[in-house]
Amino acid sequence: MSGFLETNPRTHTCGALRASDIDRRVVLTGWVQSYRDHGGLVFIDLRDREGVTQVVFDPGLSAEAHRLAGELCSEHCVGVAGKVVARGANVNDNLATGAIEVWADTLEVFSRAETPPFPVEDKLDTNEALRLKYRYLDLRRPRLQKNLITRSAITTTVREYLSRHRFLEIETPFMVKYTPGGARNFLVPSRLNPGSFYALAESPQIFKQLLMGAGYDRYFQIVRCFRDEDLRLDRQPEFTQIDIEMSFIDEVQLQTTIEGMVAALWRDVLGREVTLPLRRMTHAEALERYGVDKPDLRLDLVLCDVTAACRQSGFRVFEGVVAGGGIVKCLRVPEGERLSRSMLDGLTDFAKPYGVKGVAFARVQDGGAWQAPFAKSFKDEARDEVNRVAGAGPGDVLLFVAEKAKAANTCMGAIRLHVGDKLGLIRKDEFQFLWLTDPPLFEVDDDTGEVAAAHHPFTSPRAADEALLERSPKDVLARAYDLVLNGVEIGGGSIRIHRSELQARVFKALGISDDDARAKFGFLLEAFRYGPPPHGGIALGLDRLAMIMAGAESLRDVIAFPKTQKGSDLMTDAPTGVSKKQLDELYIQVSPALPTRA
RNA sequence: GGAGCGGUAGUUAAGUUGGUUAUAACGCCGGCCUGUCACGCCGGAGGCCGCGGGUUCAAGUCCCGUCCGCUCCGCCA
């Protein structure tokens with residue numbers, strides 16, 4: 001049984017052989033992808049992560065190998081030795097190795113496979129739950145293997161690029177002090193300190209700033225982060241960041257460094273050139289024109305604000321919303337005849353989850369008149385002004401949402417993408433990068449007036465806005481930036497505060513008392529009493545980056561062992577309950593209100 | 001916390017206004033086949049219709065609940 005690999009060490013992968021290898025004696029290993037028994041000849045497609053090669057068993061060449069081959073099944077793990085032969089008239093153009101085949105004289109079955117619960121191939125869309133339960137089989141599919149190979153290529157290039165630019169890769173703790181604010185933390189009980197908990201780091205933010213203080217002026221880490229928030233297509237509870245921090249730079253220098261890395265990634269991994277510098281847009285412009293803080297620029301449609309024109313338009317629905325402090329947002333869709341009545345009516349249902357009551361629409365006629373249910377009540381001057389602001393002309397359809405600003409923007413942003421997708425206006429082969437700049441430093445709650453950090457409390461305000469910290473916090477803009485790619489936020493960062501006087505003012509604006517600040521971030525504040533450098537950084541979402549670069553549809557497809565939307569791992573069955581003994585050791589009691597679990 | 005979609009053979013799906021024995025394809029098992037590559041041909045086995053209640057003479061189908069998966073809103077400094 002043993003000994004095959006000793007006498008027949010693997011010579012090639014299953015994606016390697018070409019016409020130039022004809023007559024060579026080779027040894028391949030892999031899994032049986034498919035099996036075609038002609039009674040006389042037996043063909044198998046042998047698969048490894050590099051590709052597929054056809055292997056032929058001819059009883060005339062080796063009766064023993066042919067006999068063994070007759071018992072093969074899908075997903076058996078085998079090794080074959082034999083000669084590379086030209087396919088002649090039987091070339092298979094669908095295979096990279098299609099010019100040749102291997103005439104095997106020796107077959108070793110390393111291990112047999114039970115019939116897999118689903119076929120190991122790309123095209124079938126098997127139920128996600130089943131795929132996750134048998135993740136190790138799912139991961140055999142070429143599509144997923146390609147994704148993980150791409151992901152590995154990304155981290156290789158990142159390490160090369162950053163090392164070349166004198167960044168140091170430094171690890172920081174996962175088990176950290178709980179810090180309030182921001183994402184919910186996973187907690188880890190401390191056995192040695194009963195009743196006390198670590199938090200799993202939601203990011204290495206404070207540690208990398210401390211490293212700057214310590215003089216490691218260029219740091220990076222490809223690091224796992226943990227956030228106990230609800231999952232999405234592009235959000236997992238544990239995910240990986242390319243975490244970066246630099247001293248003695250401003251935002252443009254940092255962005256230039258990151259742009260260089262992005263260009264290197266696209267060149268090395270995808271063989272595509274990225275034009276630098278990347279486009280920039282302010283946060284305010286993004287909200288105004290795209291309704292979101294992560295515009296997808298593969299689509300040319302833009303929104304406009306027609307609140308002023310609607311204030312006294314005669315159309316009471318809009319007037320009422322405007323009088324109540326809301327806004328009216330408009331999307332101009334060219335070639336509006338392609339939008340059917342049922343599609344337009346359907347938009348109201350589409351808008352509901354956004355807390356929007358309705359989506360109004362008007363077809364613009366020759367001369368600028370509207371064909372719309374509310375056209376009669378809409379004053380001509382107001383209509384002309386809307387047409388002017390929207391740049392509308394005959395044939396266009398205008399879509400309107402009138403709501404509070406946040407809901408109107410979010411909803412119209414979503415409608416823009418929805419309609420653009422329906423009409424095939426999104427250029428799917430493009431990579432549209434964008435730096436989003438100058439976001440507000442604070443988020444001010446409309447109802448309570450409470451001030452919260454929009455990014456994190458160490459983000460520096462723009463120098464010009466410092467004077468507004470006390471007077472008008474909502475107008476203070478931050479030295480922060482997001483990197484957006486095709487409508488996905490793939491990174492975000494900021495220039496940090498390194499002057500304690502400024503930090504104190506920001507804390508004060510946030511309503512954090514000196515005592516609070518000391519209790520929560522005391523070690524950072526103390527560290528920054530000892531000559532911290534000016535510094536700033538960014539964190540890029542490796543998973544999202546990999547998802548886009550690999551052309552994957554879900555974050556799960558670029559993570560080897562992802563979790564379901566409820567955060568469970570269907571393969572290992574995590575999370576599970578634990579024994580009373582384990583809990584006792586940690587001085588933890590599970591609430592009796594909970595039904596007990598395994 | 002909320003909304004929507006889905007769950008039928010190993011897999012992917014069909015299953016009509018509730019009505020005989022729940023279909024098909026692929027896969028699987030047995031047989032045949034020396035140029036296939038989605039091989040082909042002949043035969044066969046395979047079902048807790050997610051789970052629990054209810055309505056009904058009768059439930060895969062209708063109602064209620066529940067579990068799981070997916071997508072979204074809220075949430076993600």
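As the structure is a prediction and not an experimental result, all values here were calculated from the model. First the proteins, then the strands, lettered A, B, ... as listed; each starts at 1.
Residue A/Leu95 is out of contact with every strand shown, counting any heavy-atom pair closer than 4.0 Å. A/Asn127 comes within contact range of the sugar-phosphate backbone alone, with a heavy-atom separation under 4.0 Å but no base atom that close. If you check every strand for non-hydrogen atoms under 4.0 Å, A/Ser568 touches sugar and phosphate atoms only.
A 3.5 Å limit on both hydrogen-bonding distances identifies B/C51 as the Watson-Crick or G-U partner of B/G65. In this structure B/G43 sits in a base pair with B/C29, meeting the Watson-Crick or G-U test at under 3.5 Å. Shown here, B/A58 forms no base pair; nothing in the strands shown gives a Watson-Crick or G-U wobble contact with both key distances under 3.5 Å. Both distances falling under 3.5 Å, in either a Watson-Crick or a G-U wobble arrangement, place B/G4 opposite B/C70.
Residue A/Phe118 has its side chain nearest to B/U11 when only B/U11, B/U34, B/U12 are considered. You'll find that the side chain of A/Leu132 is closest to B/C70, out of B/C37, B/C70, B/U12. Among the nucleotides B/C70, B/U12, B/G35, the one closest to the side chain of A/Gln54 is B/G35. In the set B/U36, B/U11, B/G69, B/U36 carries the atom at the smallest distance from any side-chain atom of A/Phe43. Of the candidates B/U12, B/C70, B/C75, B/C70 carries the atom nearest the A/Glu128 side chain, counting heavy atoms from C-beta on. Between B/C75, B/U11, B/G35, one nucleotide has an atom nearer to the side chain of A/Lys406 than all others, and that is B/C75. Taking only side-chain atoms of A/Ala183, from C-beta outward, the nucleotide of B/U12, B/U34, B/C76 with the closest atom is B/C76.
Here the P atom of nucleotide B/C76 and the CD atom of A/Gln205 are 17 Å apart, to the nearest Å. Rounded to whole Å, the distance from CZ on A/Arg232 to P on B/A3 is 15 Å. Atom OH in A/Tyr354 sits roughly 7 Å away from atom C1' in B/C72 (whole-Å rounding). Separating the CG atom of A/Leu72 from the P atom of B/C28 is a distance of 12 Å, rounded to the nearest angstrom. Regarding A/Asp573, its CG atom lies at a distance of 16 Å from the P atom of B/C67, rounded to whole Å. When rounded to the nearest whole Å, the span between CZ of A/Arg67 and C1' of B/U34 equals 19 Å. With rounding to whole Å, A/Glu101 atom CD is found 13 Å from B/C37 atom P. Per the geometry, CG belonging to A/Asp37 stands 12 Å off P belonging to B/G30, to the nearest Å.
With hydrogens and angles ignored, a donor-acceptor pair under 3.5 angstrom links the side chain of A/Arg235 to the base of B/C76. A donor-acceptor contact under 3.5 angstrom links the side-chain atoms of A/Arg87 to the base of B/U36. For B/C76, the base has no donor-acceptor partner in the side chain of A/Asp230 [N/O atoms by modelled type, under 3.5 angstrom]. Within 3.5 Å, no donor on the side chain of A/Glu114 pairs with an acceptor on the base of B/G10, nor the reverse.
No side-chain heavy atom of A/Asp23 sits under 4.5 Å from any side-chain heavy atom of A/Val84.
Dashed line: the shortest gap from a side-chain N or O of A/Thr115 to OP1 or OP2 of B/U11 is not under 4.0 Å. Phosphate contact (OP1/OP2 of B/C39, side-chain N/O of A/Arg36, threshold under 4.0 Å): present. For A/Arg556 and B/U71, the shortest distance from a side-chain N or O to OP1 or OP2 is below 4.0 Å. The side chain of A/Lys566 places an N or O atom within less than 4.0 Å of a non-bridging phosphate oxygen (OP1 or OP2) of B/C68.
When the C1' atom is used for both B/U20 and B/U34, the distance is 49 Å, rounded to whole Å. For B/G50 and B/G44, the P atoms lie 28 Å apart once the distance is rounded to whole Å. The same atom, P, is picked in B/U16 and in B/G54; the two are 24 Å apart, to the nearest Å. To the nearest whole angstrom, the two C1' atoms, one in B/C29 and one in B/G65, are 41 Å apart. Annotation: B/G4 and B/G74 have their C1' atoms spaced 15 Å apart (nearest Å). Rounded to whole Å, the separation between the C1' atoms of B/C57 and B/C26 comes to 39 Å.
Counting non-hydrogen atoms of neighbouring residues, nucleotides and ligands closer than 6.0 angstrom, the NZ atom of A/Lys508 reaches no more than 12 such neighbours. When the shell of 6.0 Å around CZ of A/Arg184 is examined, it contains 12 or fewer heavy atoms from other residues, nucleotides or ligands.
Heavy-atom nearest nucleotides on RNA chain B were determined for A/Thr179 and for A/Ser34, and the one closer to the 5' end corresponds to A/Ser34. In terms of position along RNA chain B, the nucleotide closest to A/Ala86 lies nearer the 5' end than the nucleotide closest to the other residue of the pair A/Ala86 and A/Gly567.
If you check the side chains of A/Asn185 and A/Glu202, you find a donor sitting under 3.5 Å from an acceptor.
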Item to check | Worked verdict on A/Phe528 versus A/His535 for ring pair (Phe, Tyr, Trp, His ring centres under 6.0 Å) | outcome: CA-CA 12 Å; A/Phe528 277 15; A/His535 63 286; 5.5 Å; yes
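In this structure, A/His38 forms an aromatic stack with the base of B/C39, since both conditions hold: centre separation below 5.5 Å and plane angle below 30°.
Taken from CD in A/Gln221 to CD1 in A/Ile244, the straight-line distance is 11.5 Å, to the nearest 0.5 Å.
For the pair A/Arg227 and A/Glu238, the salt-bridge criterion is not met [side-chain N within less than 4.0 Å of a carboxylate O]. The residues A/Glu229 and A/Arg235 are annotated as not salt-bridged, no charged nitrogen and carboxylate oxygen being separated by less than 4.0 angstrom.
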